[in-house]
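See below for the structure under consideration.
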There are 2 protein chains.
Amino acid sequence: MLEQFDKAFESRIRLQIMSVLAANESYDFSSLKELLEVTDGNLASHLKALEKEAYIAVNKSFVGRKPNTRYVATEDGIEAFKRHLKSLEKLIKQQK
Amino acid sequence: MLEQFDKAFESRIRLQIMSVLAANESYDFSSLKELLEVTDGNLASHLKALEKEAYIAVNKSFVGRKPNTRYVATEDGIEAFKRHLKSLEKLIKQQK
DNA sequence: AAAAGTACTTTGAATTACAAAGTTATAAAA
DNA sequence: TTTTATAACTTTGTAATTCAAAGTACTTTT
């Protein structure tokens, strides 16, 4: 029982953020906010936590003249996320 | 993205406790403590959290003359746990 | 009688989560 | 041109969570 769960993903919101970024390769702040139904402050802090681990990176630009902040998962992030899911999968399989 | 993750399982330790109890139908305090490598105080509090949700139940008895506290997952607990794992599985499958 | 084991509870500190409000910068509307 | 709106935060403050460490009660072994 020495699964290596990643503390950074022990949160529904961060788990979902990574899930979205692993599947979409880039997603912007507003869309993420709508998708996850969280306040902007809350989302920002979870994003920052993942950024601190270097699991995601930020890309700021302008679309038209509006600021647009896009997030992408880093390679490290994808790897860590997959490792975490593997652990979860293993735990799930033990149930069957 | 309206997965219904269960807050009670958003913790590596509680996730593992439920995993053990779903697979073993009963497990005692000391063995659980060794398996999960946690302090007894910490384990007790996680167990209590699961008990509060009625996801596990306690069974105190004596083995020889030694007190033996066994934990079992309740039906509700198993159900909630399975639901949670389904959500996780769904999230994992989205990745593939 | 002293030491050790079981299963806790209590205490306290540190971290985390979250909502709400405030901030900065640009942009569209009146 | 003053107001209003939007994006993406940051700050503030509170509440909840986590955990180790110490303490407790009871029993058993030495």
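What's counted below: heavy atoms across the whole structure, side chains too, no hydrogens, waters or symmetry copies.
- Ranked by how close their nearest DNA chain C nucleotide is to the 5' end, A/G41 and A/S11 are led by A/S11.
- In terms of hydrophobic clustering, with Ile, Leu, Val, Met, Phe, Trp and Tyr side chains grouped at heavy-atom distances under 4.5 Å, B/V72 and B/I78 are assigned to different clusters.
- Taking 4.0 angstrom as the limit, A/T39 places none of its side-chain polar atoms (N or O) nearer than this to OP1 or OP2 of C/dC18.
- As a whole-Å value, the separation of A/H46 NE2 from D/dC9 P is 15 Å.
- The distance between atom CD of A/E10 and atom P of C/dT15, rounded to the nearest whole Å, is 16 Å.
- By the ring-ring contact (aromatic ring centres under 6.0 Å, His included) test, A/H46 pairs with no residue at all, sequence neighbours left out.
- Summarising the geometry, the separation between CD on A/E53 and P on C/dT15 is reported as 14 Å, rounded to the nearest angstrom.
- The side chain of A/T69 contributes an N or O atom lying less than 4.0 Å from OP1 or OP2 of D/dC9.
- Taking side-chain N and O atoms only, A/R14 has a distance below 4.0 Å to OP1 or OP2 of C/dA17.
- A/F9 has its ring centre less than 6.0 Å from the ring centre of A/F81.
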*asked:* Run the side chain to side chain contact (heavy atoms under 4.5 Å, CB included) test on A/F29 and A/L47 for me, step by step, so that the C-alpha distance in whole Å, both residues' side-chain angles and the decisive distance to 0.1 Å come before the verdict.
replied: CA-CA 9 Å; A/F29 190 90; A/L47 286 168; 3.8 Å; yes
*Go through B/R70 and B/V58 one step at a time and tell me if the side chain to side chain contact (heavy atoms under 4.5 Å, CB included) criterion holds.*
CA-CA 6 Å; B/R70 301 208 137 253; B/V58 194; over 6 Å; no
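- The CG-C1' distance, from B/N42 to C/dT11, rounds to 15 Å in whole Å.
- One axis for each end of the helix from C/dA1-D/dT30 to C/dA30-D/dT1, each built from five base pairs, and the angle between them comes to 10° at 10° resolution.
- For B/E25, the CD atom is loosely surrounded, since the number of other residues' heavy atoms within 6.0 Å does not exceed 12.
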Given side chain to side chain contact (heavy atoms under 4.5 Å, CB included), test A/D6 with A/Y55 step by step and report yes or no.
CA-CA 12 Å; A/D6 194 323; A/Y55 285 173; 2.8 Å; yes
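- In this structure, A/D40 atom CG and C/dG22 atom P are separated by 14 Å, rounded to whole Å.
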Protein N or O to nucleotides 24-30 of chain D N or O, pairs below 3.5 Å:
residue: D/dT27; atom: O3'; partner: B/R65; partner atom: O; Å: 3.3
residue: D/dT28; atom: OP1; partner: B/R65; partner atom: O; Å: 2.6

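- Residue B/N68 is in sugar-phosphate contact alone, with no base atom involved, counting any heavy-atom pair closer than 4.0 Å across all strands shown.
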Self-check item: Verdict with reasoning, B/S31 to B/D28, per side-chain hydrogen bond (donor to acceptor under 3.5 Å, both in side chains)
Solution: CA-CA 6 Å; B/S31 309; B/D28 70 71; 3.0 Å; yes
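- One finds no side-chain N or O of B/K7 lying less than 4.0 angstrom from the OP1 or OP2 phosphate oxygen of D/dT17.
- Computed from coordinates, the A/R70 CZ to D/dA7 C1' distance equals 14 Å when rounded to whole Å.
- If you check every strand for non-hydrogen atoms under 4.0 Å, A/L43 touches nothing.
- Residue-level contact check: A/K33 touches neither bases nor backbone, having no heavy atom under 4.0 Å from any strand.
- B/L15 places its CG atom 13 Å from the P atom of D/dT18, with the value rounded to the nearest Å.
- The distance from atom CG of B/L15 to atom CG of A/L88, rounded to the nearest 0.5 Å, is 6.5 Å.
- The CG atom of B/L36 sits 9.5 Å away from the CG atom of B/N42 when rounded to the nearest 0.5 Å.
- Atom-to-atom, CD1 of A/I17 to P of C/dA17 comes out at 11 Å; the value is rounded to the nearest Å.
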